[in-house]
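Okay, so here's the structure we're looking at.
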Amino acid sequence: MKNERVTSLADALLPLIRTRSDLYRYSAANAHGRDMHEAIDILEAAIPTTDPAEIYTVTHKALASSLKVIARADDSAGIIGDACRRLLDLHPRAAASARTPVGKLIDWMMKFQFDDDEVDYFELDPVAYAPALGDVGMAAYRKRLAEVEAKLGPRPSEDERWSSGHSHAWFTLDWNAQRLAVLHHDIDAIIRTHAKDRTVAAWLQDTAEAFEEIGEIDLAIDWAKQATDFDRGHQSRKAADYWCGLLEANRPDEALEARLSVFRKWPSSTSAARLHKAAGKAWSEYRDEVVSTLAASPSDAVLFALLTLKEPEFAWSLAHSLALDSDHTWSELVKAYEKVDPLAVLPIHQRLVENELAEAGAQHYRLAARRLAKMRKLAAGSERAEGVDDLVAELRETHRRRPRLQQEFDRAGLP
């Protein structure tokens, strides 16, 4: 790439995009994905000083090559996919700057969305392409979409669409309809294409997000509230946080009451933390209710006291009074409480070690050994030090037929 013979932008970056290597191996795919991101960095850095026509040509070629790469790669980590999305984000902007012929661009957009049999899991956003297409081009694009739909026959119901032989085409047409409604700020079309029959909470949030995108904040808040009130499922819980975020950004006087209602509907350490933040100086008015409500879920109560209130002593008290039985939460608690009373946490550490060793495996042995080493450090110089060493000896004897455990204990410097 740094060779002086490099004569163009394409020579510099396309070799980092293209490859004939086997990418079905996870590590190889990730390594190549990082090369692809390096190539896109070069491309983006060149934009201010390079002819827009060259930027578009190279972007277009890089995108085509990237799709061929991801079609035969193990992209479990998503690195290659993220590179493809960066190019998809750049492509419409490059097309507009280069004044790409509208007819040619529309042909490519249609082929990308409806004729690619290998990779069909990326969408094009017609809103992003509007500057490149212009009013005349956008009208032509809508006409091409209508022609595709006319060839598909009767529109299937939502339940039938996924089993339809044209499921991808219908999905793509619906996606375009949504984005075009946003592009034209068509309120009725946004509701029709996003909310559909209003039977799914996520669709109501999609509608809210579309309204936020076009600056219709009051409508966005209203639809986000509808999604929040839909039911008690995870989609409504997600919508609730979005609703509260809209209020915090646009109607801050209403945000605290919203956070309180969300906490009451979905009490957890997370919703309590958000209520705590919203309450600010008024927190004392809500503390008793929050702590009392969270008591039904000891882990949430302890984590809230520990991570949000920053009160390890209170968290320690709650853990015992509420009979906390979550090893993960106890583990978080002892990290903080050992600074308050290092010897008091030793029995908890011992229980966590014993629970860890109830399962065989190197990872369990390693974690147990590290915890025992921590116990020895905490007890050093105290009357409890000998007891910790006795525990190590006892565990070595109990698990004498587990050579890997003995090895991990040795590595941790245990006696």
Indicate yes or no for a side-chain donor-acceptor contact from [X] to the backbone of [Y] under 3.5 Å, with no hydrogens or angles considered.
X	Y	answer
Ser97	Arg93	yes
Asp35	Leu16	no
Glu212	Ile217	no
Thr19	Ser21	yes
Asp300	Phe304	no
Ser271	Ser268	yes
Asp75	Ile80	yes
His32	Ala28	no
Lys265	Asp231	yes
Trp283	Leu275	no

For atom [atom1] of [X], is the number of surrounding heavy atoms from other residues, nucleotides or ligands below 6.0 Å larger than 12?
X	atom1	value
Asp197	CG	yes
Glu123	CD	yes
Lys238	NZ	no

### Task
Is it possible for you to check whether Arg237 lies under 6.0 Å from the centre of the six-membered ring of Tyr242, through NZ or CZ, and within 45° of that ring's axis?
no

How far apart are the closest heavy atoms of [X] and [Y], and which atoms are they?
X	Y	answer
Leu294	Ser269	CD2-N, 4.2 Å
Leu183	Ala130	CD1-CB, 3.7 Å
Phe230	Thr199	CZ-O, 3.2 Å
Val182	Ala210	CG2-CB, 3.8 Å
Leu333	Pro312	CD1-O, 4.2 Å
Leu247	Ala255	CB-CA, 4.2 Å

### Task
Just say parallel, tilted or perpendicular for the rings of His91 and His60, cut-offs at 30° and 60°.
tilted

### Task
Could you tell me how the ring of Phe112 sits relative to the ring of Trp108: parallel (under 30°), tilted (30 to 60°) or perpendicular (over 60°)?
tilted

Strictly by modelled atom types, are [X] and [Y] linked by a side-chain donor-acceptor pair under 3.5 Å?
X	Y	value
Asp11	Ser8	yes
Asn176	Gln113	yes
Thr228	Ser236	no
Gln226	Asp222	yes
Glu356	His364	yes
Ser297	Ser299	no

How about [X] and [Y]: do any of their side-chain heavy atoms sit closer than 4.5 Å?
X	Y	result
Leu378	His349	yes
Ile348	Trp316	yes
Asp174	Thr193	no
Glu338	Met375	no
Val262	Arg274	no
Leu372	Gln350	no
Tyr337	Val334	no
Tyr129	Ile106	no

### Message
Please evaluate residues Arg251 and Asp218 with respect to the criterion salt bridge (charged side-chain N to carboxylate O under 4.0 Å, His left out), reporting the C-alpha separation (whole Å), side-chain torsions for both, the decisive distance (0.1 Å), and the verdict.
### Response
CA-CA 10 Å; Arg251 298 182 194 167; Asp218 289 344; 2.9 Å; yes

Does [X] come within less than 4.0 Å of [Y], counting only side-chain N to carboxylate O?
X	Y	value
Glu408	Arg404	yes
Arg86	Asp41	yes
Asp241	Arg259	yes
Lys225	Asp229	yes
Arg144	Asp107	yes
Arg402	Glu359	no
Lys335	Glu332	yes
Arg179	Glu213	yes

### Task
Would you please test Leu23 and Val69 for side-chain contact (heavy atoms from CB on, under 4.5 Å) and show each step?
CA-CA 8 Å; Leu23 298 182; Val69 167; 3.5 Å; yes

### Query
Run the side-chain contact (heavy atoms from CB on, under 4.5 Å) check on His194 and Gln205 step by step: do they pass?
CA-CA 9 Å; His194 291 73; Gln205 181 175 341; over 6 Å; no

Atom pair [atom1] ([X]) and [atom2] ([Y]), whose distance is rounded to the nearest 0.5 Å:
X	Y	atom1	atom2	answer
Phe211	Thr207	CZ	OG1	7.0 Å
Leu87	Ile17	CG	CD1	5.5 Å
Tyr56	Leu90	OH	CG	11.0 Å
Met110	Leu105	CE	CG	12.0 Å
Glu44	Leu13	CD	CG	11.0 Å
Asp82	His37	CG	NE2	5.0 Å

#### Entry: Intermediate values then yes/no, side-chain contact (heavy atoms from CB on, under 4.5 Å), Tyr24 and Arg72
CA-CA 7 Å; Tyr24 286 112; Arg72 58 183 183 82; 3.4 Å; yes

### Message
Please determine whether side-chain contact (heavy atoms from CB on, under 4.5 Å) holds for the pair Trp170 and Glu149, giving the CA-CA distance in whole Å, both sets of side-chain angles, and the decisive distance to 0.1 Å.
### Response
CA-CA 8 Å; Trp170 284 116; Glu149 183 169 358; 3.8 Å; yes

### Query
Pick from Ile42, Ile47, Asp51, Thr59: which one makes a side chain to side chain contact (heavy atoms under 4.5 Å, CB included) with Leu9?
Ile42

### Query
Taking the six-membered ring for Trp, are Trp330 and His320 ring centroids under 6.0 Å apart?
yes

### Query
Which residues pass the side chain to side chain donor-acceptor pair (under 3.5 Å) test with Arg198, sequence neighbours left out?
none

